[in-house]
Amino acid sequence: MAPDAAFETRILPFDEAALAEAAGLIARGLPVAVPTETVYGLAADATNGEAVARIYAAKGRPQFNPLIVHVSDLAAAEMIAHFDALARDLARRFWPGPLTLVLPKRPDAPIADLVTAGLPTVAIRAPAHPAMRALLAAAGRPLAAPSANASGRISPTHAEHVIASLGGRIPLILDNGATGHGLESTIVGLTERKARLLRPGPVTAEELGIELEPSSDRIEAPGQLASHYAPAKPLRLDAVDARPGEWLIGFGAIEGDATLSRAGKLVEAAACLFERLHEADAQAATSIAVAPIPPTGLGIAINDRLARAAAKEA
Ligand code: TXA
Ligand code: MG
């Protein structure tokens, strides 16, 4: 496999014909960008190691970073992972939807080792987006899918973000407009004695309503690395005004050059967070500043992403 395999990347509006194209590419072991309710994913046949390798190649992702397996429903998930009562309860309450569960992998799971980067655990979710669900049904197999961005860059919430990051490196993008939540799925780890929140996301800790081990500083998953969500420019947090050379992303009363939400709504801010960061990255300004975001509800996930973006080394 050539690491820089060149493709003419096509963008097709999501419809029956595009779906058939996408399913054909998946069957041939190629990755396809597809919208989910969180962010655009780069999906490939999870049962085919080479197909999975093409995901890592297209993203330029470090090989050790394991991927999320996407399935249609709980029955399909139970072929891949061991579910206890708590895992089953969470799946029943939040699937299809933006919740990923990290569970013990079944030894007979029909997925390539590369998907889990050799771990004995597997991250799995049943997505809600009609395009991703249709692709899962058409492919008839689990799909491994990280966010459809080059490694270390911002997750894409529009087909345009995908083409900017992976254009020429993948054959097809299914375009169905903006993704709904705009933040990657909440990840809950159920492989230890107590449930752990591995990544905050659209499903909040309050909504989960389960006892969660307080988050530690220990690196849990490679995806927890500080610089995982990084724009190319330096980022300053909790900014109340712009310093010279900065592009200020506002929130609520802090107007800025652009805003996450003029009305100060966290749902609105989450949905456009990555878009505002992409936009800021594209400006002539040399650095980015972001107004304070309240650390409650969805604000926790937003601040988590911003802190990671700000932690990137220059
Ligand atoms: O919303 C989402 O989850 C999107 C869409 C496409 O579904 N996907 C996504 O995938 O965000 P990705 O690869 O960008 O992030 C997956 C995260 C990474 O932080 C990875 O380290 C973690 O899940 N992960 C995967 N398998 C794991 C495992 N077995 N144990 C712990 N963490 C795991
Ligand atoms: Mg990602």
Side-chain angles (χ1 to χ4, degrees), residues 31-44 46 52 55-56 58-71 80-82 94-106 109 111-129 131-133 135-136 142-157 161-162 165-166 173-174 179-192 195-203 218-230 270-271 273-274 301 304-305 308-309:
V32 171
V34 54
T36 81
E37 73 276 33
T38 57
V39 299
Y40 274 73
L42 184 60
V52 176
I55 294 178
Y56 292 99
K59 283 179 66 87
R61 169 176 244 188
Q63 294 271 335
F64 55 77
N65 214 356
L67 306 176
I68 296 174
V69 176
H70 297 69
V71 292
I80 294 166
H82 286 297
F94 294 102
W95 286 1
L99 176 68
T100 295
L101 301 175
V102 174
L103 298 167
K105 189 172 92 160
R106 290 174 62 115
I111 57 168
D113 276 346
L114 196 53
V115 173
T116 57
L119 294 174
T121 57
V122 60
I124 195 159
R125 82 179 186 101
H129 195 287
M132 184 53 149
R133 293 192 67 75
L135 188 59
L136 281 164
L143 298 176
S147 49
N149 50 278
S151 188
R153 305 305 294 270
I154 306 162
S155 289
T157 55
H161 297 162
V162 182
S165 184
L166 296 178
I173 302 170
L174 287 183
T179 59
H181 294 291
L183 282 183
E184 303 91 339
S185 61
T186 302
I187 305 183
V188 173
L190 296 173
T191 54
E192 290 179 44
R196 310 170 72 91
L197 186 62
L198 300 182
R199 181 172 73 182
V203 177
R218 192 155 68 89
I219 287 177
E220 194 67 46
Q224 300 281 97
L225 290 174
S227 72
H228 193 57
Y229 303 94
L273 175 64
F274 291 129
D304 173 75
R305 299 305 188 281
R308 289 170 199 283

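Indexing begins at 1, ligand by ligand and atom by atom, following the structure's order. One-based numbering along the sequence shown.
- Atom-to-atom distance recorded for Arg308:CZ and Ile154:CD1 is 14.5 Å, nearest 0.5 angstrom.
- Those atoms of ligand 1 with a heavy atom of Ser147 less than 4.0 angstrom away are 8 (N), 9 (C), 10 (O), 12 (P), 14 (O).
- Against a heavy-atom cut-off of under 4.0 Å, Ser185 is close to the following atoms of ligand 1: 1 (O), 2 (C), 3 (O).
- No side-chain heavy atom of Val188 sits under 4.5 Å from any side-chain heavy atom of Arg196.
- The option with the heavy atom closest to atom 16 (C) of ligand 1, from among Thr100, Val115, Ile68, is Ile68.
- With values rounded to the nearest 0.5 angstrom, Thr100 atom OG1 is found 6.5 Å from His70 atom NE2.
- Between the side chains of Arg125 and Thr36, a donor-acceptor pair is found at a separation under 3.5 Å.
- Annotation: the span from Trp95 atom CH2 to Leu101 atom CG amounts to 5.0 Å, rounded to 0.5 Å.
- Thr38 and Ser185 are not linked by any side-chain donor-acceptor pair at a separation below 3.5 angstrom, with hydrogens and angles left out of the test.
- The Mg ion (ligand 2) has an N, O or S atom of Ser147 under 2.8 Å away, backbone or side chain.
- The two atoms that bring Leu42 and Ala148 nearest to each other are N-CB, 3.7 Å, heavy atoms only.
- Ligand 1 lies nowhere less than 4.0 angstrom from a heavy atom belonging to His181.
- Residue-ligand proximity: Arg199 is placed with a non-hydrogen atom under 4.0 Å from ligand 1.
- By the criterion of a heavy-atom distance under 4.0 Å, neither the backbone nor the side chain of Thr116 is placed next to ligand 1.
- Contact between Ala145 and ligand 1 is present, with at least one heavy atom of the residue lying under 4.0 Å from the ligand.
- The distance criterion of under 3.5 Å between nitrogen or oxygen atoms is met by Thr38 with respect to ligand 1.
- For the residues Pro66, Ser155, Pro35, Ala43, the heavy atom positioned nearest atom 25 (C) of ligand 1 is part of Pro66.
- A distance of 11.5 Å separates NE2 of His129 from CG of Leu135, quoted to the nearest 0.5 Å.
- Atoms CZ and CZ, on Arg305 and Arg199 in that order, are 5.5 Å from each other to the nearest 0.5 Å.
- Set against the non-hydrogen atoms of Ile187, the atoms of ligand 1 under 4.0 Å away are 17 (C), 23 (O).
- The atoms of ligand 1 that sit less than 4.0 Å from any heavy atom of Thr121 are 28 (C), 29 (N), 30 (N).
- Heavy atoms of Met132 stay at 4.0 angstrom or farther from ligand 1.
- Taking any N or O of Thr36, backbone or side chain, none lies under 3.5 Å from an N or O belonging to ligand 1.
- Between the CZ atom of Arg153 and the NZ atom of Lys59 there is a distance of 11.5 Å, given to the nearest 0.5 Å.
- Looking at Leu119 against ligand 1, only its side chain comes within 4.0 Å, counting heavy atoms.
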